[in-house]
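A quick write-up on the structure given underneath.
Throughout, a chain's letter reflects where its sequence line sits, starting with A, and its residues are numbered from 1.
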Amino acid sequence: MADPLVTLAARLQPAFDAVAGRTGVDPVVRPSDRADAQANGSLALAKELGRPPREVAEAVLAEALKIANLRATLEVAGPGFLNIVVHDDFLADEIAAVSSDERLGVRSATPTRRVVVDYSAPNVAKEMHVGHLRTTVIGDSLVRILEFVGHDVIRENHIGDWGTPFGMLIEHLLDLGETEAAEHLSLGDLDGFYKQARAKFDADDTFKERSRARVVMLQGGDAETLRLWKLLVGLSTKHFNAVYERLGVLLVDDDLMGESAYNELLPQVITRLDALGLLQQSDGADVVFPPGYTNRDGDPLPLIVQKGTGGFNYATSDLACVIDRIERLNADLLLYVVGAPQAQHLSMVFDVARMAGWLAEPAQAVHVAFGSVLGSDRKMLKSRSGEPLKFIDLLDEALVRAEASVAEKNPDLGVEDRLTIARQVGIGAVKYADLSTDRVRDYVFDWDRMLSFDGNTAPYLQYAHARICSIFRRAEIDRTSLRNREPSIVEPQERALALAVLGFDSAVADTLEKYSPHRLCTYLYDLATSFTSFYEHCPVLKADEATRLSRLVMCDVTARVMATGLGLLGIDAPEQM
RNA sequence: GCGCUCGUAGCUCAAUGGAUAGAGCAUUUGACUACGGAUCAAAAGGUUAGGGGUUCGAGUCCCUUCGAGCGCGCCA
């Protein structure tokens, strides 16, 4: 059981092999607008064999006719394509199989990998802002998809909880008094706290000295300093968790793996690099020169792993992460859901980790890069005052806007339902807007578009799902009784819907191949349009008993794929809206 | 200066090297005592920034020009 296109590619391969006189020919089966699918392999094969493409296609067709149980009709078309029309009873069998499957036809990954997904990464004592939106939403979706196909996934929230700013933050906390500072921070005004500390640091030399001394105490492990530091971290994580809860992501305290967690490893990074002979001195700092990078002057660009002052920096910390994730966690795939501007830094870190042998086949590190969120002026999204837009404010606005929209379109809902649905719709809209475009590109943040019930939006997909649920409320039938039943595929809209449903497996696979959730979004949108077309042309409840049952099967499996697919994006699928 | 990413309909976006580049919004035209019209059907809209090249075939790969964004030694 799988996507019929995948099945057919496998079934057709022997025919291509036979014509080629060798094994392993790719039939190049692709979706087609002329048929259910097309096999393009004959054209490449024609080149290889030095024969006319159509002749090769005819030969493949002749071989394919010998295949028992192909369950599709083939036709040579154009310069040598094989157009494929899947038989209706084959579609019906596959729908029955998918419908009785918990995983809706999505194949398990083989082999499974242990995957570390590094995402979100806010800073202690700083407010989460719109800059954390993409990493959090994209990372969370990838975690859900990887787990769904059976990988062993470890979430790592690499919070910024260490470094020189903590000296001034702790001193500021002492100045305010612990109780008052805790109150201040509990209100969620982390930025105000940080700014006050910063202002004092810049204006007051005595404070500056105290801050520096405090950093030394912190790094030296002074018990009282550590206690104050933990207080700051705890208050900040409370804020992070409030955002995560409202956003609906999987991250919890157990996923926290802050920079401080790698302190023990940092000196080892240096000694191990030194032992390998990779370490060099440059302007007083310890550095590694990975080949292929140059600076402004065209000279080799180093990765600094120990500053001239003896301190470590983020490169050291990132290398320690690689060691920890590979050697302690035994991960063989490291995903870094980090903004595109950090491409060079991460590339250098990965190169150095490879030079040191820490990152070796089959283990692999991937920078899952993403572009910026832009305002309508096509510049980085900011609040009206020009400050970074607070994450929590963004989510609040999503709720307010969604509630107004839901109230307008369904006035009969009770207050409680309305609030619940507004949350599902509003948060879903924000997430979907972020996930539905190719992640490497920047995208323009537009409330009206993302909350629209038309077009490629979360509300449209949720609405398609809610409509199906509405049918079941009227049908008065136990949905589980519809599982493992063969529908009859008659109308073109039924065929189109069946093909769309069966494409879920491939959509998930394509999404993971490039770590691009927008492929799953595109698929779900296509599924939703196929469904609304079916809904429009194929009456369900009014049909005769046999047709009614058949169509209810299609409705049930469509709704489950939609809800599951949205779930993989971290988006809820309400039953009514 | 060097490097990376991007450039597709008026707007916002799709398109694992495959046929005639697809959607949505907006525009125009149809379909309603409606299994939820929060919809559907259709029309119109393109020199894929420009120019070369590779290929049977290029929006996609390579070179180049232009434009935009972001990086380029001790912040993370």
Side-chain angles (χ1 to χ4, degrees), chain A residues 28 30-34 38 40 43-44 46-47 52-53 77-81 83 121 123 158 160 162-165 259 282-287 292-299 301-309 311-315 317-318 339-345 347 369 371-372 374 378-380 405-406 408-410 433 436-438 440-444 446 448-449 452-457 459-460 462-464 466-475 506 509-510 513-514 518-519 521-522 525-526 529 532-533 535-543 548 551 555 576-577:
Chain A
V28 196
R30 301 280 183 268
S32 174
D33 52 356
R34 313 281 181 98
Q38 58 187 57
N40 304 330
L43 290 113
K47 179 75 177 171
F81 302 112
N83 282 354
N123 291 309
H158 191 69
W162 203 250
T164 47
E259 287 165 0
S282 178
D283 295 339
D286 285 335
V287 307
Y293 301 90
T294 52
N295 65 13
R296 275 197 179 83
D297 305 320
D299 298 326
L301 183 67
L303 185 72
I304 295 171
V305 292
Q306 186 158 23
K307 299 190 273 191
T309 58
F312 303 114
N313 64 2
Y314 67 125
S317 174
D318 284 340
Q342 296 208 50
Q344 181 174 275
H345 166 71
S347 173
S372 308
L374 306 179
R378 299 212 61 112
K379 290 181 179 164
M380 297 275 283
S405 174
V406 170
E408 180 200 333
K409 284 168 173 153
N410 194 348
S436 60
T437 63
D438 188 357
V440 305
R441 292 174 47 137
D442 298 345
Y443 79 94
V444 177
D446 182 333
D448 290 334
R449 199 177 330 116
S452 167
F453 286 77
D454 298 307
N456 190 9
T457 66
Y460 178 80
Q462 290 171 319
Y463 175 61
R467 283 172 116 183
I468 303 176
C469 294
S470 168
I471 292 176
F472 282 109
R473 275 195 297 275
R474 285 169 182 268
S506 292
D510 288 348
E513 194 182 351
K514 293 279 167 59
H518 90 277
R519 295 183 175 218
C521 295
T522 305
Y525 180 60
D526 180 59
T529 53
T532 53
S533 180
Y535 180 89
E536 197 73 20
H537 294 97
C538 305
V540 179
L541 299 177
K542 294 172 187 164
R548 174 184 151 104
R551 290 180 178 166
C555 286
Q576 56 177 326
M577 32 191 310

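Across every strand in view, B:G18 sits in a pair with B:C56 that passes the Watson-Crick or G-U test at under 3.5 angstrom. In a base pair of the Watson-Crick type (N1 to N3 plus N6-O4 or O6-N4) or a G-U wobble (N1-O2 and O6-N3), with each distance short of 3.5 Å, B:A31 is matched with B:U39.
Using a 4.0 Å heavy-atom criterion, one finds that A:Ala285 contacts the bases of the nucleic acid, with or without backbone contacts as well. Across all strands shown, A:Ala77 has heavy atoms under 4.0 Å from base atoms, whether or not it also approaches the sugar-phosphate. The residue A:Tyr460 sits close only to the backbone: its heavy atoms come under 4.0 Å of sugar-phosphate atoms, none of a base. Residue-level contact check: A:Arg474 touches the backbone only, with heavy atoms under 4.0 Å from sugar-phosphate atoms and none from bases.
Taking the syn range as angles within 90° of 0, the glycosidic angle of B:G45 is outside it, so the base is anti.
Looking at every heavy atom in both residues, A:Leu541 comes nearest to A:Ala475 through CD2-CB, 3.6 Å. Residues A:Lys307 and A:Phe312 come closest through the heavy atom pair CE-O, 3.6 Å. The two atoms that bring A:Tyr443 and A:Ala433 nearest to each other are CE1-O, 3.9 Å, heavy atoms only.
Minimum atom distance to the side chain of A:Ala466 is reached by B:G36, of the listed B:A76, B:G36, B:G73. Across B:C25, B:G36, B:G18, the shortest atom-to-atom separation from the side chain of A:Gln38 is found for B:G18.
With hydrogens and angles ignored, no donor-acceptor pair closer than 3.5 Å exists between the side chain of A:Glu536 and the base of B:A41. Taking 3.5 Å as the limit, the base of B:A38 and the side chain of A:Tyr463 contain no donor-acceptor pair of atoms between them.
Between A:Lys409 and A:Phe453, some side-chain heavy-atom pair lies under the 4.5 Å cut-off.
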